[in-house]
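As a basis for the values below, the full set of heavy atoms in this structure was taken, side chains included, without hydrogen atoms, waters or symmetry mates. Residue numbers begin at 1 in each chain, while the letters A, B, ... track the order of the sequences.
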Amino acid sequence: MLVEDYRAGDMICPECGLVVGDRVIDVGSEWRTFTNEKATKDPSRVGDAQNPLLNGGDLTTMISKGTGAASFDEFGNSKYQNRRTMSSSDRAMLNAFKEITTMADRINLPRNIIDRTNNLFKQVYEQKSLKGRANDAIASACLYIACRQEGVPRTFKEICAVSRISKKEIGRCFKLILKALETSVDLITTGDFMSRFCSNLGLPKQVQMAATYIARKAVELDLVPGRSPISVAAAAIYMASQASAEKKTQKEIGDIAGVADVTIRQSYRLIYPRAADLFPPDFKFDTPVDKLPQL
Amino acid sequence: MDEDSALESYFDDPVGNVPDASGFLFEGDLGLQGPPQLHDPSFLSSLSQPEKDIGEDLDLSFLPDDLPEDTCGNAASNANMTQDHVFDGYRPEESAETDPNKPAVMGASTFCPMTPMTPMTPVAESSGIIPILQNIVSTVNLACPLDLKSIALQARNAEYNPKRFAAVIMRIREPRTTALIFSSGKMVCTGAKRIGKSGGRSLSPCPKVDEEDDPLIPQATPLVFAVYSDSEEQSRLAARKYARVVQKLGFPAKFLDFKIQNMVGSCDVCFPIRLEGLVLTHQQFSSYEPELFPGLIYRMVKPRIVLLIFVSGKVVLTGAKERGEIYEAFENIYPILKGFRKQ
């Protein structure tokens with residue numbers, strides 16, 4: 001049980017008085033700063049926290065652009081221009097991290113997914129087995145894998161929407177990365193997407209729960225063999241919404257889910273015959289089952 | 001069924017020669033619908049098996065005949081060996097016993113003992129289903145530089161669009177195939193598959209003898225070839241036809257290094273399959289992404305074959321260099337698929 005004496009920088013054992021460390025440097029914050037004490041200038045001189053896990057721990061010195069008048073030479077150009085080449089070895093990696101953060105921001109992904117994505121990217125990048133592929137493609141695929149691994153999968157089309165890479169290329173990189181990192185991901189289920197799709201459509205919780213139940217039941221009863229879980233989810237949402245007060249058209253659902261409306265129609269036709277069995281027992285029907293649209 | 005009779009005959013190989021008459025003619029139809037018919041005594045008698053100590057539930061019709069006491073070339077026996085290895089699955093019980101029999105029966109082959117190299121199915125019954133070859137891709141070297149423009153202008157059924165692709169795309173109707181002919185003289189021939197009934201005879205896949213000095217004289221006339229319709233033979237025949245076309249256009253074309261690069265087969269296990277279960281247990285081999293492709297992509301290691309497995313029970317096998325690999329791969333996957341049958 002060592003106690004730190006910050007005045008002298010010692011680590012002292014309180015029982016026997018032995019001084020273990022001497023002049024140990026305190027790594028706490030340099031100044032005591034309070035929130036918005038008219039502090040437009042942050043007096044801290046150490047800058048941001050490093051991200052040693054991801055950057056390869058570079059200790060380069062960077063000189064920022066000057067602020068006073070003395071930093072400009074006669075013509076108005078700044079005297080010290082060179083801010084380049086801070087870490088050429090991992091420039092591409094830093095670029096990719098920036099790209100990942102940008103993509104993730106567009107769909108409001110939380111920090112943990114971004115961190116996981118960065119880690120995956122770093123592993124892939126260091127392995128160099130996918131070196132020939134576009135970094136953006138690898139970044140997008142890592143984002144997809146990270147979402148899957150965190151239990152909140154995004155469809156390929158959703159990732160496509162925030163990335164400049166085509167679905168085909170993301171799919172290819174996805175498979176290559178799984179092979180390179182020797183991991184695997186869980187299979188997607190219909191329930192993974194329900195909350196997102198239903199919220200985007202503005203459906204109430206009751207309808208969302210009903211749609212989840214319908215989709216699960218449909219898969220259990222094997223009414224939709226071979227259909228993508230996304231399509232089944234979309235059809236289930238359609239059925240649930242049509243049975244409730246908030247009716248959504250196939251086109252709207254197709255837009256949100258990234259599924260063609262003919263695909264929703266196909267899957268809907270498969271689950272329609274057993275509609276009565278698929279609804280949860282406590283569901284309140286606005287439109288009864290026999291009045292459901294039949295396409 | 002048609003394909004089965006030719007399949008039978010495929011494995012009853014005399015090498016290269018026009019087949020020696022009697023041993024091969026099958027009186028009666030060879031139905032290969034399932035194991036019971038394989039044991040139809042008429043087959044066994046017509047195959048003139050000397051040793052019949054193997055039990056009658058053993059299917060011998062796939063053993064190449066004892067007929068080639070003549071020269072089974074090495075390559076032919078190699079081909080036999082792969083086939084035998086494939087049909088290990090068809091001889092479940094008498095593994096040990098058939099071993100000593102086999103060399104006697106086959107004559108030329110020195111087959112290694114039948115320990116299956118894939119550890120999966122110790123005692124399994126044969127599936128009774130045989131994948132059908134759907135496509136063969138082969139390459140051949142014509143060994144002379146070609147002027148693609150003149151070929152495209154003179155030949156019929158040729159297209160050449162140098163901005164799009166640097167080869168002439170030529171098609172022929174007889175074995176319905178497409179060839180890509182490059183200016184270096186190399187050619188890729190795709191699309192060959194077996195057509196319809198054969199006469200019950202076939203030629204074995206030609207051994208890898210060098211044919212540099214025998215450019216375009218086929219070992220039998222094309223007419224005879226048409227009778228022996230077997231996918232690999234079709235591919236070779238088609239490649240020869242293309243080479244002849246090129247030769248007729250004035251280039252000194254030869255026919256070197258004909259090699260089959262890829263064979264695609266398909267079949268149906270006739271029951272629905274639970275792909276989710278399969279991907280869970282065989283994670284390191286399978287890839288199932290319904291968003292990307294509706295089928296499960298199974299990359300088998302032992303014969304290096306890729307299988308596309310669908311919910312309906314249809315299976316596509318590809319990546320084989322030899323017919324036997326396809327059969328072997330299917331025999332390996334069948335018991336696994338049976339385990340994931342949907343109830």
Checklist entry - Passes side chain to side chain contact (heavy atoms under 4.5 Å, CB included), S266(B) versus K314(B)? Steps please. => result CA-CA 7 Å; S266(B) 70; K314(B) 301 250 180 3; over 6 Å; no
Checklist entry - What residue in E182(A), K167(A), R148(A) has the most heavy-atom pairs under 4.5 Å with chain B? => result R148(A)
Next on the checklist: Using a 4.5 Å heavy-atom cutoff, which residues in residues 209-227 of chain A come close to chain B?
Outcome noted: D222(A), P225(A), G226(A)
Does the plane of the ring in [X] sit parallel, tilted or perpendicular to the ring in [Y]? Use 30° and 60° as the thresholds.
X	Y	value
F156(A)	F174(A)	perpendicular
F293(B)	F310(B)	perpendicular
F121(A)	Y125(A)	parallel

Atom group of [X] that falls short of 4.5 Å from chain A, counting heavy atoms:
X	value
E289(B)	side chain
L280(B)	neither
Q283(B)	side chain

Checklist outcome for this item: When R194(B), M263(B), Q234(B) are each screened for side chain to side chain contact (heavy atoms under 4.5 Å, CB included) with L133(B), the one that passes is M263(B)
Next on the checklist: Going by side chain to side chain contact (heavy atoms under 4.5 Å, CB included), I309(B) matches just one of I336(B), V316(B), V269(B), L278(B). Which one?
Outcome noted: L278(B)
Checklist entry - Between atom CZ of F197(A) and atom CD1 of I253(A), what is the distance when rounded to the nearest 0.5 Å? => result 10.5 Å
Next on the checklist: For a quick check under 3.5 Å, do S195(A) and Q208(A) share a side-chain donor-acceptor pair by atom type?
Outcome noted: no
Next on the checklist: Would you say S267(A) and S231(A) are linked by a side-chain donor-acceptor pair, where the criterion is simply a distance under 3.5 Å?
Outcome noted: no
Checklist outcome for this item: Under 4.5 Å to a heavy atom of chain B? For I188(A) that would be side chain
Checklist outcome for this item: Whatever's closer than 4.5 Å to a heavy atom in chain B on K175(A) counts as side chain
